[in-house]
Amino acid sequence: MTQLRPDIFLNARPDTEGDEEEDYFDYFYDAPGSEPGTLIIEPDAKPSRIVLIDYDENHAIRKVDITPNACAPYIGTNTVSWMDIQGLGSETVLKQVGEIFNLHPLLLEDVVNVPQRPKLEDYNNQLLMIAHMVRLKEDEPGFDTEQVSFVLGKRYLLTFQQEELQDCFEIVRDRIRTSQGRVRQSGADYLTYLLLDSIIDGYFPVVEHYEDRIEALEDSIITDPDRHTMEEIYDIRRELLALRRLIWPLRNVLNLLMRDHHGIISNDVQIYFRDSYDHVIQILEIIEAYRELATSLMDVYMSTMGNKLNEIMKFLTVISTIFIPLTFIVGVYGMNFQYMPELKGKWSYFIVWLIMLAIAGGLIFYFWRKGWFKPIYPIKLKNE
């Protein structure tokens, strides 16, 4: 067996396009009349690739691109074996893995037919956990999602990922390689906790991203709101709702892991899931706060647009009020009467202009003293 090498253990891979936006809300469901346990492979699914990490307190090895049959010798050993299946596009490989590890057909169906709702299911000597990994998009706002399935056995762990991407498990792999913490002295249940906790911690950068977007949107609403501002508000609310739907079921999963006594998870490791549960509650509270803030931004947007309309109407009213007496004077002297004394005066034309200018100037001064030329409310932005 090959010893772990630092230069090949961590291998970054370029990110690719994530799920479409519609996948934020769509969970998988069986077609009516389909047989239970049917595997539906997506046409664009990536080929399956198996990466094996086997370790104990004294040694750790890593094997890349191995066959399912090569995983069989690691079942029932005293070491901890982590089989990471990256990509769900090879039906033959997935069925072989199911036969070797004696996976229930319904379990394998939930793993392959994505996306599934995050959940926890007990299959006697195996536990199935489904969660969703999230990461920010590189070139546009929003986030991508990827389903990660955990199949926990007595001394082994199977993880199924949709893509062969740079994931949030690199820090756990690095801990195994360098023997940091207690991972090499613990079992597969502690490894499951570390991986699940890494997925949950990955939600915090995404949540912070929405904090920045909402703050920028607040400034935009106050200074220069437009049609795109409303579209941005709707996008944020929709994405936050999708994020909530991904993290909310994990609360129930962790609650079951903390309270139910599974023979596969030891009591010592069961306590660690409390910390992950606290993180999930914290993320949910932040998401709910941002959703309420986004809703209030919509009210602020409507109020700002109403005030903007009032400013325009006020300006037009002032202009109309100034020109009403001027129009009256011009109308009077535009009448076709033969006897109008002012028409015969040498300075009548200039006098009428002086009167109109005096009236306009007086009205402008009056409106200025009344404060009609000031904005309805002062716009002050705090530079933090």
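Quantities reported herein were computed from a predicted structural model and do not represent experimental measurements.
- By the 4.0 Å N-to-carboxylate-O rule, R177 lies close enough to D174 to be salt-bridged with it.
- Contacts of E285 classified as side chain to side chain contact (heavy atoms under 4.5 Å, CB included), with partners at least two apart in sequence or in another chain: I281.
- In the model, S266 has a side-chain atom that pairs as donor or acceptor with a side-chain atom of D189 under 3.5 Å.
- Using bins of under 30°, 30° to 60° and over 60° for the plane-to-plane angle, the ring pair F169/W82 lands in the perpendicular bin.
- No continuous path of ILVMFWY side-chain contacts below 4.5 Å connects L363 to I324, so the two sit in separate hydrophobic clusters.
- T77 and T79 share a donor-acceptor pair across their side chains, judged by distance under 3.5 Å alone.
- N124 and Q126 share no side-chain donor-acceptor pair at under 3.5 Å.
- Crowding of R274 atom CZ: a count of heavy atoms from other residues, nucleotides or ligands under 6.0 Å not exceeding 12.
- Without hydrogens or angle criteria, R184 side chain to I176 main chain gives a donor-acceptor distance under 3.5 Å.
- Inspection of the Y290 and E292 side chains reveals no N or O donor paired with an N or O acceptor under 3.5 Å.
- Of the possible polar contacts, one joining the H132 side chain to the Q116 backbone as a donor-acceptor pair under 3.5 Å is found.
- Counting heavy-atom neighbours within 6.0 Å of F323 CZ, excluding the residue itself, gives a total of 12 or less.
- With Q162 contributing its side chain and E146 its backbone, the two residues share no donor-acceptor pair below 3.5 Å.
- Taking each heavy atom of C71 and M83 in turn, the nearest pair found is SG-CG, 3.5 Å.
- Using a 30° and 60° split on the angle between ring planes, Y193 and F273 fall in the perpendicular class, above 60°.
- Note that CG of L127 is 5.0 Å distant from CG of D122, once rounded to the nearest 0.5 Å.
- Q282 is listed as a side-chain neighbour of F204, based on a closest heavy-atom distance under 4.5 Å.
- A donor-acceptor distance shorter than 3.5 angstrom exists from the side chain of R155 to the backbone of N78, with no hydrogens or angles considered.
- To the nearest 0.5 Å, the span separating CG on L152 from CG on L191 amounts to 8.5 Å.
- Taken from CD1 in I287 to CG in L243, the straight-line distance is 4.0 Å, to the nearest 0.5 Å.
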Step by step, would you call N69 with Q96 a side-chain hydrogen bond (donor to acceptor under 3.5 Å, both in side chains)? CA-CA 8 Å; N69 292 328; Q96 289 178 356; 5.1 Å; no

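- The two residues A45 and G89 have their closest heavy-atom pair at CB-CA, 3.6 Å.
- For the pair R251 and Y277, the cation does not sit on the ring face, since its NZ or CZ is not both under 6.0 Å from the ring centre and inside 45° of the axis.
- The cluster map of Ile, Leu, Val, Met, Phe, Trp and Tyr, joined by side-chain heavy atoms under 4.5 Å apart, puts I271 and V183 in different clusters.
- Note that CG of L157 is 10.0 Å distant from OG of S81, once rounded to the nearest 0.5 Å.
- Here S48 contributes atom OG and L88 contributes atom CG; the two are 6.0 Å apart, rounded to the nearest 0.5 Å.
- For Y234, the OH atom counts as loosely surrounded, since its 6.0 Å shell holds 12 or fewer non-hydrogen atoms of other residues, nucleotides or ligands.
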